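Okay, so here's the structure we're looking at.
Small disclaimer: the values here were computed from a predicted structure and weren't measured. FYI, side chains are in, hydrogens and waters are out, and symmetry mates aren't considered; it's all heavy atoms of this structure. Protein chains get the first letters and strands the later ones, always in sequence-line order, with residue 1 at the start of each.
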Protein chains: 2
Amino acid sequence: MSATHPDGTGDASGTEGDAALDPRQLGAYFVLTEAVSLLQHQVEQQLQAEGDLSYVQFQLLARLAHAPGHLTMTQLADGVVYSRSGLTYQAGLLEKAGLITRSPSPDDERATLVTITDGGRALVARLLPGHVQVTRRMLFDPLSDDDLHHLGDIMTRVRDHMRAQPPRSAAPRKRRPKPPAPPPA
Amino acid sequence: MSATHPDGTGDASGTEGDAALDPRQLGAYFVLTEAVSLLQHQVEQQLQAEGDLSYVQFQLLARLAHAPGHLTMTQLADGVVYSRSGLTYQAGLLEKAGLITRSPSPDDERATLVTITDGGRALVARLLPGHVQVTRRMLFDPLSDDDLHHLGDIMTRVRDHMRAQPPRSAAPRKRRPKPPAPPPA
DNA sequence: TATTGTTATACTCTATAACTATA
DNA sequence: TATAGTTATAGAGTATAACAATA
């Protein structure tokens with residue numbers, strides 16, 4: 001976190017070739033993220049309080065509960081974004097809690113099949129009403145049927161658009177290469 | 001979280017006393033959180049790559065940049081949700097990076113006034129175009145003017161509704177009380 | 001006594017790289 | 001060689017509680 005070149009040149013405004021967001025877009029963006037952040041916070045509170053689960057853990061369980069059969073680790077990770085090791089960590093916790101089981105796949109010996117247990121299903125079932133209640137109270141109470149329709153429609157298009165986006169080479173700088181330190185002795 | 005279908009277990013539906021979400025609401029909710037999660041991830045990547053800032057840090061700086069004068073720690077924390085100590089931690093990082101300064105308030109000797117430095121403003125200015133570009137590419141490209149209007153309107157109402165919500169006593173269980181261990185000897 | 005902010009500490013989570021084993 | 005998953009480890013972030021200073 002370095003304030004690289006703090007040269008005070010006001011280069012924020014649209015002189016860069018790429019058009020900037022207009023105020024309405026910026027406003028919509030800010031209010032969207034703010035609202036979702038508030039919602040997420042409440043949801044996390046509820047899941048933690050009633051089920052001792054983090055949001056990610058709930059997502060993983062819900063995903064498994066909705067899936068037809070088993071999922072491999074990779075399939076399970078897909079869409080929950082983070083690294084393999086992160087999933088291994090969470091799966092370890094969930095397995096220790098008796099909410100899922102892991103077993104080798106018969107099709108591909110490298111793969112691990114993840115299965116939700118009855119306990120896992122029960123927990124999801126137990127948490128879902130409260131989850132839904134929070135969501136409704138926070139998100140849907142102020143919305144009309146028409147709003148709901150619009151919101152679902154809009155965000156579906158946005159989501160599909162996002163999913164279709166290529167990984168985008170536009171990541172200009174890699175974190176920091178960090179030369180490998182020579183091993184001692 | 002595939003937005004689409006509700007769920008096979010059926011235990012979400014209204015047998016609990018409180019009305020459950022209907023499939024369309026559930027779908028809208030899932031797709032909303034999924035889309036925002038994807039967006040946030042991209043935004044975080046960009047801020048990290050181009051400015052070595054976390055999203056929270058950027059939010060804090062942006063908040064300061066927009067504020068008329070100084071903000072106290074408490075004012076700054078408000079809306080970014082987390083604990084005082086968390087803010088102190090982040091403020092420490094930002095101050096060390098020369099992006100903000102902290103000074104005692106003349107009005108209230110207990111309070112600390114946070115001020116964004118020129119370097120901080122410059123950094124925000126430098127990051128904003130890319131930030132905006134990611135946001136536009138991910139969020140606004142697939143949206144019409146009409147969509148944008150609806151989205152802003154809807155989420156503003158949602159946000160206001162959320163902000164107006166009382167802290168809600170409905171937090172049934174506190175984390176875990178954990179009895180204080182008696183100090184040894 | 002209540003409030004503002006800091007500190008100390010413990011814990012959770014995520015990411016990177018090295019590793020094993022299968023394909 | 002590439003892929004699936006795990007492990008080790010390090011780092012960032014957050015929360016809790018105890019604390020000091022001020023209102």
Q.
Rounding to an integer number of Å, can you tell me how far L60(A) CG sits from dT14(C) C1'?
A. 14 Å

**Q.** Heavy-atom side-chain contact between L53(B) and L99(B) under 4.5 Å
**A.** yes

Q: Return the set of residues passing ring-ring contact (aromatic ring centres under 6.0 Å, His included) with F58(B) (not counting sequence neighbours), or none when no residue passes.
A: H131(B)

Q.
Between the base of dA4(D) and the side chain of T74(A), is one N or O donor paired with an acceptor at under 3.5 angstrom?
A. no

Q: List for me each residue that meets salt bridge (charged side-chain N to carboxylate O under 4.0 Å, His left out) alongside D160(A), sequence neighbours excluded, and say none if there are none.
A: none

Q: Ignoring backbone atoms, establish whether R102(B) has a side-chain N or O less than 4.0 Å from OP1 or OP2 of dT6(C).
A: yes

Q) Taking atom C1' of dG11(D) as reference, at what distance in whole Å does atom CG of D52(B) sit? A) 13 Å

Q: Respond yes when some side-chain nitrogen or oxygen of Q90(B) is under 4.0 Å from OP1 or OP2 of dA12(D), and no when none is.
A: no

Q) Does a nitrogen or oxygen in the side chain of R84(B) sit under 4.0 Å from OP1 or OP2 of dT7(C)? A) no

(Q) Tell me whether the side-chain N or O atoms of S85(A) pair up with the base of dT16(C) as donor and acceptor below 3.5 Å, since no angle test is needed here. (A) yes

Q.
For a quick check of understanding: with a heavy-atom distance under 4.0 Å over all strands, which category does S105(A) fall into, base, sugar-phosphate or nothing?
A. nothing

Q. More 5' along DNA chain D: A91(A) or G86(B), using each one's nearest nucleotide?
A. A91(A)

Q: Using whole Å, report how far CG of L87(B) lies from C1' of dT16(D).
A: 16 Å

Q.
Among dT14(C), dG5(D), dG13(D), which nucleotide has an atom closest to any side-chain atom of Y89(B)?
A. dG13(D)

(Q) What is the separation between atom CD1 on I100(A) and atom P on dG5(D), rounded to the nearest whole Å? (A) 12 Å

Q | Closest nucleotide among dT16(C), dG5(D), dT7(C) to the T72(A) side chain | A | dG5(D)

Q. Can you name the salt bridge (charged side-chain N to carboxylate O under 4.0 Å, His left out) partners of R84(A), sequence neighbours left out?
A. none

(Q) Between dT7(D) and T88(A), counting only base atoms on the nucleotide and side-chain atoms on the residue, is there a donor-acceptor pair under 3.5 Å? (A) no

Q. Side-chain N or O of Q75(A) less than 4.0 angstrom from OP1 or OP2 on dA4(D)?
A. no

Q. Between the side chains of Q46(B) and E50(B), is a donor N or O closer than 3.5 angstrom to an acceptor N or O?
A. yes

Q | Base-contact (B) and sugar-phosphate-only (S) positions in nucleotides 18-23 of chain D, heavy-atom cut-off under 4.0 Å, - elsewhere | A | ----BS

Q | M73(A) CE - dT3(D) C1' separation (whole Å) | A | 14 Å

Q: Check each of V124(A), L71(A), T117(A) against L64(A) using the side-chain contact (heavy atoms from CB on, under 4.5 Å) test, and report the only one that passes.
A: L71(A)

Q | Q57(B) CD - dG11(D) P separation (whole Å) | A | 17 Å

Q. When all nucleic acid strands are considered with a 4.0 Å heavy-atom cut-off, which category describes L93(A): base, sugar-phosphate, or nothing?
A. sugar-phosphate

Q: Among Ile, Leu, Val, Met, Phe, Trp and Tyr joined by side-chain contacts under 4.5 Å, find the other residues sharing a cluster with L93(A) and list them by chain and number.
A: Y89(A)

Q: Under the salt bridge (charged side-chain N to carboxylate O under 4.0 Å, His left out) rule, collect the residues that match up with R121(B), sequence neighbours excluded.
A: none

